[in-house]
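Notes for the one structure printed next.
None of these values were measured; they are calculated from a predicted model.
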Amino acid sequence: MMNGATAPERSPSASPPPPAQAQAPPSPSPMQPFDWKFSQVFGERSAGEEVQDVDIISAIEFNKSGHHLATGDRGGRVVLFERTDVKDHTCRKDAEKADYSISRHPEFRYKTEFQSHEPEFDYLKSLEIEEKINQIKWCQAANGALFLLSTNDKTIKFWKVQEKKIKKVSEMNLDRPTAPANGSPGGVGHLSPSLSNGNALKPGVFASLRMPVVVTSQETSLAATCRRVYAHAHDYHINSISNNSDGETFISADDLRINLWNLEISNQSFNIIDVKPTNMEDLTEVITSAEFHPTHCNTLAYSSSKGSIRLVDLRQSALCDTHSQIFEQHEAPGSRSFFTEIIASISDIKFSKDGRHILSRDYMTLKLWDVKMNSGPVATFQVHEYLRPKLCDLYENDSIFDKFECCQSGDGLRVATGSYSNIFRVFGVGTGSNEATTLEATRNPTRRQVQNPTRASRSINTLTRAVRRGGESTGIDANGNSYDLSTKLLHLAWHPSENLIACAAANSLYMYYA
């Protein structure tokens, strides 16, 4: 009856579909697969060029506005890039004109770099501490200065990067005598010690003296200053740092503990989560990643090596031993194997921009969780399913322990993560979306696009033979494309407001836009 009542209002004809179908067309439009294009590359290596281990990028992070990008490498350096295609428009007319040039893709340029960490040695534990940057997090900018946190395995540092005008000392303006004085070279004389008393200068010496003046020039230079060092708080390697939305505190996480810090206090932290058992033989899982909620300063999430994500409310108690929610996917009966727990270990978690979802990456899949529904993930994406028959070989060469990062677009409609052969995959998460784009970190990102999804693997044993004889770690994936386990894309970041992805392939930073 409702159909009969509504149909005449829409059209005199009886042929149109019911209203439920009439509302369907708007949903597919935003979920059309993106056409990703190459934007820029920094540090591109030429064919056959050997990459130094210290130059390999180990961290990538956009700041909140997306105008700056920071990368860290295994050599302990932090490199900053700034966006150049966005200008501050002084009047409304300029801003309106800029609306017509949106098609221009984002461009960044090198800004500065500084040495964040140096290699250290812990004499008490006889342990070398690498300078490798594990994570970078941007803090709130203030007074034209940029602030960021960087960490290696043990020490977190708070950096201020500011543009300063160069001050120069103007030349001394001296009236020099034309003839030598008292045997001194021309133009050099001796000042009377009684000058300050107002006595006249003796003949043959300087006629007048003007004090040097410090002049501020229009030239500027960037200076990076370490404001604070947060050290000696972790017995195990730091895997995560995360800023709180209150702008005052941050957390740092290692395998067994999560500490809460105040940015202004470097000699004290509070241990808020401790999963270390009384007897270490009873240890069954470790913390792999942790992140604060983007807007709720009392909420954080951390993941474990067993594939679970725990949501914690800091208002419940000082030591958050109990969680408010736990998200985990229970395995199907009879499907457990030796590798089940290893590949279930979560290597990275990210809150969506609105805080309603959590994105997690384990070895084989990318999962999206609704924070209000802990019965299971709302979406699961297979990243490199063709490697499942080869888990034994991946275990033998330690590739199964690689830690891949993940990221989500600002609008929450797409997610991305890396894989082997320097490729990364972009998936659509909208209702009914089947977007699954494969891109390679090269100037031609789409050359490895899936051409025949139903094609079976030609050579399952290729990898097995290569690994066991200690040769190349290459093989053929399910689409007939060759892959290389030695080239892996572990780190990537999505621009907070635009469809721009920055990813690291060894020492090269690639950017792609859609």
Side-chain angles (χ1 to χ4, degrees), residues 51 53 55-60 71-74 130 132-135 152-153 236-240 253-255 285-289 303-307 337-350 359-367 380-407 415-427 438-441 448 463-464 466-468 470 472-475 477-478 481-493 501 503-510:
V51 178
D53 186 68
D55 295 330
I56 294 176
I57 297 172
S58 56
I60 302 179
T71 65
D73 62 26
R74 293 186 184 180
E130 291 183 346
K132 170 178 165 262
I133 304 296
N134 289 344
Q135 265 199 342
N152 64 354
D153 286 339
Y236 304 93
H237 290 177
I238 298 172
N239 55 49
S240 306
D254 64 23
D255 292 343
E285 62 181 333
V286 296
I287 298 168
T288 57
S289 182
S303 60
S304 82
S305 57
K306 277 195 168 181
S337 70
F338 173 77
F339 304 108
T340 300
E341 195 168 303
I342 299 175
I343 63 174
S345 177
I346 295 175
S347 56
D348 190 28
I349 59 170
K350 293 284 196 313
L359 183 66
S360 69
R361 170 68 202 266
D362 56 46
Y363 187 69
M364 298 297 292
T365 65
L366 195 59
K367 293 185 176 74
T380 300
F381 308 97
Q382 304 296 336
V383 180
H384 38 222
E385 189 63 18
Y386 59 86
L387 291 177
R388 194 173 291 275
K390 308 171 178 68
L391 292 178
C392 183
D393 303 302
L394 295 166
Y395 178 78
E396 287 181 7
N397 66 8
D398 287 342
S399 293
I400 202 170
F401 301 107
D402 287 334
K403 307 298 182 186
F404 292 94
E405 292 179 2
C406 57
C407 59
V415 295
T417 190
S419 182
Y420 295 103
S421 303
N422 283 341
I423 68 168
F424 63 100
R425 308 205 65 197
V426 181
F427 301 96
T438 302
L439 302 162
E440 185 179 8
R448 293 181 64 93
L463 172 65
T464 307
V467 171
R468 287 183 178 169
E472 305 165 6
S473 53
T474 58
D477 65 19
N481 293 319
S482 62
Y483 63 86
D484 184 2
L485 298 178
S486 65
T487 55
K488 56 196 81 171
L489 198 149
L490 301 176
H491 312 285
L492 75 172
I501 293 178
C503 56
N507 65 322
S508 303
L509 176 67
Y510 286 89

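At distances below 3.5 Å, at least one donor-acceptor pair connects side-chain atoms of N152 with backbone N or O atoms of E130. With T340 contributing its side chain and S337 its backbone, the two residues share a donor-acceptor pair below 3.5 Å. In terms of modelled atom types and a separation under 3.5 Å, the side chain of Y420 and the main chain of S399 share a donor-acceptor contact. Looking at T288, its side chain never comes within 3.5 Å of a backbone N or O of S305 through a donor-acceptor pair.
I133 CD1 to I60 CD1: the interatomic distance, rounded to the nearest 0.5 Å, is 13.5 Å. The distance from the CG atom of D153 to the CG atom of N134 is 5.0 Å, given to the nearest 0.5 Å. Taking CD of E405 as the reference point, atom SG of C503 lies at 11.5 Å (rounded to 0.5 Å). Between the OG atom in S508 and the CD1 atom in I56 there is a gap of 10.5 Å [rounded to 0.5 Å]. Going from atom CD1 of I423 over to atom OG1 of T438 covers 5.5 Å, rounded to the nearest 0.5 Å. To the nearest 0.5 Å, the span separating CD1 on I238 from CD on Q135 amounts to 10.0 Å.
Every residue meeting the side-chain contact (heavy atoms from CB on, under 4.5 Å) condition with C407, not counting sequence neighbours, appears here in chain and number order: A416, L492, W494. With sequence neighbours excluded, the residues satisfying salt bridge (charged side-chain N to carboxylate O under 4.0 Å, His left out) with K488 are D402. Residues satisfying the ring pair (Phe, Tyr, Trp, His ring centres under 6.0 Å) criterion with Y510, sequence neighbours excluded, are absent altogether.
Residues V383 and S419 come closest through the heavy atom pair CG1-CB, 4.2 Å. Between D484 and S421, the closest heavy-atom pair is N-OG, 2.7 Å. Among all heavy-atom pairs drawn from I287 and D254, the shortest one is CB-O, 3.4 Å. Looking at every heavy atom in both residues, I343 comes nearest to I400 through CG2-CD1, 3.8 Å. Summarising the geometry of I349 relative to S360, their closest heavy-atom pair is CG2-CB, 3.9 Å, with the distance given to 0.1 Å. Nearest heavy-atom pair, V415 versus L366, reported as atom, atom and distance to 0.1 Å: CG2-CD2, 3.5 Å.
Looking at heavy atoms from C-beta onward, L359 lies out of side-chain contact with T417 at the 4.5 angstrom threshold. Here the side chains of N507 and D73 are not in contact, with every heavy-atom distance at 4.5 Å or above. Contact annotation: the side chain of L391 never approaches that of I342 to less than 4.5 Å [non-hydrogen atoms, C-beta and beyond].
H384 and F404 have perpendicular rings, their planes meeting at more than 60° on a 0 to 90° scale where under 30° would count as parallel.
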CA sep, side-chain torsions, deciding dist, call: I501, V426, side chain to side chain contact (heavy atoms under 4.5 Å, CB included): CA-CA 10 Å; I501 293 178; V426 181; 4.0 Å; yes
Chi angles and distances behind the salt bridge (Lys or Arg N to Asp or Glu O under 4.0 Å) call for D348, R361: CA-CA 5 Å; D348 190 28; R361 170 68 202 266; over 6 Å; no
Full working for side chain to side chain contact (heavy atoms under 4.5 Å, CB included) between K403 and S345: CA-CA 9 Å; K403 307 298 182 186; S345 177; 4.1 Å; yes
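With hydrogens and angles left out, the side-chain atoms of T365 and K367 include a donor and acceptor closer than 3.5 Å.
When ring centroids are compared, Y363 and F339 stay outside the 6.0 Å threshold.
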